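A short write-up of the structure that comes next.
Bear in mind that the values here come from a model prediction, so they are computed numbers and not experimental data.
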Amino acid sequence: KKKMTKGLCLLCSYFSALITVGIGNRCVSGPYLFDEACFHFTQGIGSSMNKMKLQILAAQLYNLTVIPNPSCFMSSEHSTNFLSVFGWDIGLDCLFDDINKTEISTIHRVPIMIKEEFLDSKEPFALCNAYSFGDGRIKQEIGAYTTNDKHGIWGELSRAVSQLNEKRNSTVFVIQRPYYSYNLEGYQCSRDFIVDRFYLALKNDNPNRRAISYNRDKINIAFHFRYGDTAKADPNYPKEPNWDVDYSEQHRLPLKLGIALLQSILGSKSALNAAHSVIHFFSEGDLAMFKKFSVAFPDTVFHIGNESTVLNDLDHMAHADILLGGPSSFTSLAAALNRWGVNVMPAVRNPAEDKFAGMGGVVRQHRIVSGDLSEFNAQLCAARLYVTQTARSQALRCSPG
């Protein structure tokens, strides 16, 4: 309950800010947090989000309102500025343009300097886990970093917050360059914020969004095969789709394994009604490259995209009934945004590298491959993914008897 209250507190500051915007006041609902250092020009959406999770964690720990940095929502890997799509700017009374206007003299900027040699990538992971366990663990972890982390973000920010004065409502803490290496893979301490803002933006009917083209009389299974960025970025990667090389080596799901997983969840041991299901295949490349997949599943709907379709693809994957993919940050972002479906994802040995931590409805692939569909069936039935034509038969499949 405490965790939920803290998560909602960050959103409360946004909606209270929404009221002050109508009055015409700017930057008076702080304190705020602005990250100058999250920008990384050559990453995709998922990896960029991993960099931005640090500011979400810091804002929740210190009860600050995030001012989004537009540069952190853009990359050379895709042609879209996705700030408005993720809704981080909705309802704020203080934005990037405001804190850079000299005429708003009431803004009190407080720089948070970080020396690269003092960075420790384990810090945010430990604090994120502490946040997910509640107040006691957070205070213990924060206390340790406030004492020992003399030049990193946590020590600097803790001291700065403790010195807030009568200017607190107009204070902007600015995390400054040089570029830091903090990278949070999972969603233990950021999912609520990211998901709530995403769906708030969706409600606002953003003109950059396309309508979801799924047939809601079917169970829609989205299979994401990571191809485009790896094929273009690394000359050592094979140009043909990965067929059977383990994803620990290529960081993408082998196509052969994807086919086997789909055959299992559509098979006789599954609670899914396969006759009323449709597979949607998302990837870059050329349709001819995926002939083996189309032979295995002739009725597949292929979404062969590029940089210009990335947001539409993300929307569709986030609204899938079942999402299947590999260890990709883009896949994990879609899985985090998927509120109602079942995510069939790989497991990892190192918890700090688990891209799917902090999500509900996740089924690990190794269990399905071994023939054990009990976890998948339980998640499927809990999600109540029924369509009109199959409601009765699906309910019977999910019946304990």
Side-chain angles (χ1 to χ4, degrees), residues 3 5-14 17 29-40 48-69 71-73 86 88-89 92 94 96 99 108-116 118-135 137-164 168 171-194 196-197 352 358:
K3 178 187 171 186
T5 302
K6 284 186 303 179
L8 290 174
C9 182
L10 185 57
L11 283 175
C12 289
S13 62
Y14 279 91
S29 302
Y32 306 93
L33 181 67
F34 179 75
D35 193 348
E36 284 186 347
C38 60
F39 173 57
H40 192 58
S48 295
M49 190 62 73
N50 289 341
K51 292 288 188 289
M52 291 189 285
K53 292 172 188 173
L54 174 79
Q55 58 191 288
I56 299 174
L57 173 59
Q60 291 176 129
L61 292 177
Y62 296 103
N63 197 25
L64 309 173
T65 296
V66 171
I67 298 175
N69 184 345
S71 298
C72 302
F73 289 84
F86 280 87
W88 287 28
D89 55 347
L92 287 184
C94 197
F96 173 79
I99 63 175
H108 180 53
R109 293 173 63 106
V110 178
I112 306 296
M113 301 295 295
I114 309 171
K115 295 184 179 180
E116 284 191 85
F118 290 95
L119 292 174
D120 181 359
S121 61
K122 296 178 182 178
E123 287 182 14
F125 177 72
L127 285 169
C128 189
N129 276 342
Y131 176 80
S132 66
F133 276 99
D135 287 342
R137 285 277 298 275
I138 292 170
K139 291 177 180 177
Q140 182 180 354
E141 290 286 347
I142 282 289
Y145 288 127
T146 302
T147 304
N148 302 322
D149 181 24
K150 300 299 184 186
H151 299 280
I153 180 176
W154 307 112
E156 291 288 324
L157 193 53
S158 292
R159 283 183 285 278
V161 170
S162 69
Q163 296 168 10
L164 278 169
R168 64 176 294 118
T171 295
V172 181
F173 296 109
V174 182
I175 303 175
Q176 296 191 330
R177 293 176 182 270
Y179 168 76
Y180 58 80
S181 59
Y182 286 128
N183 193 49
L184 279 171
E185 292 285 2
Y187 285 83
Q188 303 97 310
C189 52
S190 59
R191 187 182 184 224
D192 288 346
F193 175 80
I194 293 171
D196 287 342
R197 303 306 298 176

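- The nearest pair of heavy atoms linking L33 to A59 is CD2-N, 4.1 Å.
- A donor-acceptor distance shorter than 3.5 angstrom exists from the side chain of K53 to the backbone of L184, with no hydrogens or angles considered.
- No side-chain heavy atom of Y187 sits less than 4.5 Å from a side-chain heavy atom of I56.
- Taken from CD in Q163 to OG in S158, the straight-line distance is 11.0 Å, to the nearest 0.5 Å.
- Atom CZ of residue F34 and atom CG of residue N69 lie 3.5 Å apart, to the nearest 0.5 angstrom.
- Expressed to the nearest 0.5 Å, how far CD of Q188 lies from CG of L57 amounts to 10.0 Å.
- In this structure, L92 and P68 have side chains that are in contact, with non-hydrogen atoms separated by less than 4.5 Å.
- Residues M52 and F73 form a side-chain contact, since some pair of their non-hydrogen atoms from C-beta on lies under 4.5 Å apart.
- Contact of the R197 side chain with the F86 side chain is not registered, since no non-hydrogen atoms from C-beta on lie closer than 4.5 Å.
- In this structure, CD1 on I112 lies 11.5 Å from CD on E36, to the nearest 0.5 angstrom.
- Closest approach of L64 to Y32, counting heavy atoms only: CB-C, 4.4 Å.
- One distance of note links CD1 of I175 with CD of Q55; it measures 6.5 Å at 0.5 Å rounding.
- Across C72 and D35, no two heavy atoms sit closer than the pair SG-O, 4.2 Å.
- In this structure, S48 OG and N50 CG are separated by 8.5 Å, a value rounded to the nearest 0.5 Å.
- Looking only at side-chain heavy atoms (C-beta outward), F173 and V161 come within less than 4.5 Å of each other.
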